[in-house]
There are 2 protein chains.
Amino acid sequence: MVVQAGRCFIQEGAPAHDFYVLTGGRAKLFSLMPDGRRQIVGFAEVGDFLGLASSESYAFTAEALGEVTLCRFPHSAIDRLVERFPRLHGRLQQEASSELVKMQARLMLLGRKTARERLASFLVEQASPCCAHALKDEHGPLTLPLPMSRTDIADYLGLTIETVSRTFSLFRKEGLISIRGASSVTLLSPGLLSDMAGGIKRS
Amino acid sequence: MVVQAGRCFIQEGAPAHDFYVLTGGRAKLFSLMPDGRRQIVGFAEVGDFLGLASSESYAFTAEALGEVTLCRFPHSAIDRLVERFPRLHGRLQQEASSELVKMQARLMLLGRKTARERLASFLVEQASPCCAHALKDEHGPLTLPLPMSRTDIADYLGLTIETVSRTFSLFRKEGLISIRGASSVTLLSPGLLSDMAGGIKRS
DNA sequence: CGCTCGTTTGATTACGGTCAATCCGCGTGG
DNA sequence: CCACGCGGATTGACCGTAATCAAACGAGCG
């Protein structure tokens, strides 16, 4: 399947017949409340499995960020697939595991962290796929793209766009980051940001 | 294994050698930040699997609420166990699935809901194991025990004890609940509470 | 050039947090 | 049996962070 930018290919609450493997592009996953409040529960990348949670209906809506390509399988086909590709079994297990661990970190973020800590956590998380270890070491500036809008960041962190924007500006004034056009950030002190993300305030 | 009340049998950050099946009692699962902020990521009941997320180290601490009995298995034994008990496979899958769905609801709760909505959600969640369907129907009062302390409720909902207590009092004044000694609540209008939990405000 | 939409900035509000003072249930010991 | 004390829960006064409302800014595009 190919899905155009901005289109939803999974609808929250719809009967969950199929699951998907994302083979190209990125997607945002979110739930809505009746009055429009939105919480982004995650971003999906190439290789991710979606809609595995085989309850009656999907727990979130999935919307393409840019163009997205997918493989769709009916839930009933899982067993056959696993039979044909035995390594898939471990893969599924592992996927679910790591997703759960991420979720637990997200609960701490949303339940207990301040706006500054949330944004710092977000930046570190965005950076980690690039350079996993370079963060603790006090090593140098590290530029990363922010493919998502401020609104998406806000809905991911449980904040408002205004607070996200303000906090970015604060970080800039404090010399922690530098901003190039709202969709590209350079971390000037990854170590400090990483500490802040963990709730440690260095003098 | 038997664990006494208040003892921790899984330590956040410790190397994750084993996983556990809870065979008696209840436990609370939480993470801590360096300054002591706490987030309860869940309560475990009889039959639940703990420490399955097989990353390097445990993502949370598990503390017994009352006396707890467990079976412990080394992670390396999973494959052998699944081989001997084929039905376990589906069970594990299902467990991970439903846990993920619950987590996504928790993200919405912590990221977007107000204090009133959080407490209403909590009460409905506590009630649902008892009477799953009786909630939507406007049916009558429904008494339930609250085995955990106010502090635990607060850390579960991302609030403070004061806010939890105040909100309980508000609900009482509004005739939504009635309280018997801090560890037993009666839902007088389950329907209204359920709506509030979902973010619907009836006139 | 001017419009639109997303972002930034500013002013004010409000919800929930903090600090502090009771209150209450319960177990203990006189 | 009751006085006492302890810890958890409730209530109150006040504060602070992030939300809300509103305006200005700026990049991209017709």
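In what follows, chains carry the letters A, B, and so on, assigned in the order in which the sequence lines appear, proteins first and then strands, with residues in each chain numbered from 1.
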Please confirm whether the shortest side-chain N or O distance from A/S149 to OP1 or OP2 of C/dG6 is below 4.0 Å. no

Separation of D/dA9 atom C1' from B/M148 atom CE, nearest Å, is 16 Å

Using whole Å, report how far CZ of B/R150 lies from P of C/dG25. 13 Å

I want to check a possible cation-pi pair here: B/R150 against B/F168, using under 6.0 Å from ring centre and within 45° of the ring axis as the test. yes

So B/F122 and B/Y156, would you call those rings parallel, tilted or perpendicular, with 30° and 60° as cut-offs? perpendicular

Of A/T151 and B/G158, the one whose closest DNA chain C nucleotide lies more 5': A/T151

Return the set of residues passing salt bridge (Lys or Arg N to Asp or Glu O under 4.0 Å) with B/E45 (not counting sequence neighbours), or none when no residue passes. B/R26

Give a yes/no answer on whether the side chain of A/T160 brings an N or O atom under 4.0 Å of OP1 or OP2 in D/dA18. no

Base D/dT17 to side chain A/R118, donor-acceptor N/O within 3.5 Å cut-off: no

Note, B/M196 side chain near B/F171 side chain (heavy atom, < 4.5 Å): yes

Establish, yes or no, whether the cationic atom of A/R72 lies under 6.0 Å from the six-membered ring centre of A/F9 and within 45° of the ring axis. no

To the nearest Å, how far apart are B/L146 CG and D/dA9 C1'? 13 Å

At less than 3.5 Å, do the side-chain atoms of B/R116 and the base atoms of C/dG16 form a donor-acceptor pair? no

Separation of D/dC15 C1' from B/E162 CD (nearest whole Å): 13 Å

Side chain proximity check, B/L110 to B/R118, heavy atoms < 4.5 angstrom: yes

Would you indicate which nucleotide in D/dT11, D/dA9, C/dG16 comes nearest to any side-chain atom of B/S169? D/dT11

Rounding to an integer number of Å, can you tell me how far A/L119 CG sits from C/dT8 P? 11 Å

If I take atom CZ in residue B/R166 and atom C1' in nucleotide C/dA21, what distance separates them, rounded to the nearest angstrom? 12 Å

Okay, side chain of A/Q126, backbone of A/L146: is any donor-acceptor separation there less than 3.5 Å? no

Sugar-phosphate only, base, or nothing, as touched by A/I161 at under 4.0 Å among non-hydrogen atoms: nothing

Does D/dA18 have its OP1 or OP2 closer than 4.0 Å to a side-chain nitrogen or oxygen of A/T163? no

Before giving the answer on side chain to side chain contact (heavy atoms under 4.5 Å, CB included), spell out for A/L32 and A/E12 the whole-Å C-alpha distance, their side-chain angles and the decisive distance to 0.1 Å. CA-CA 8 Å; A/L32 287 172; A/E12 179 182 5; 4.2 Å; yes

Write down the distance between CZ (A/F168) and C1' (D/dA18), rounded to a whole number of angstrom. 16 Å

Contacts to DNA chain C from residues 105-114 of chain A, heavy-atom cutoff under 4.0 Å, which residues? none

Once you round it to whole Å, what is the distance between P of C/dG6 and CD1 of A/I153? 14 Å

Keeping A/T167 on the side-chain end and A/R116 on the backbone end, is there a donor-acceptor pair under 3.5 Å? no

With a 4.5 Å limit on heavy-atom distance, are the side chains of B/R38 and B/D152 in contact? yes

Proximity to DNA chain C (any heavy atom under 4.0 Å), residues of residues 170-181 of chain B only: none

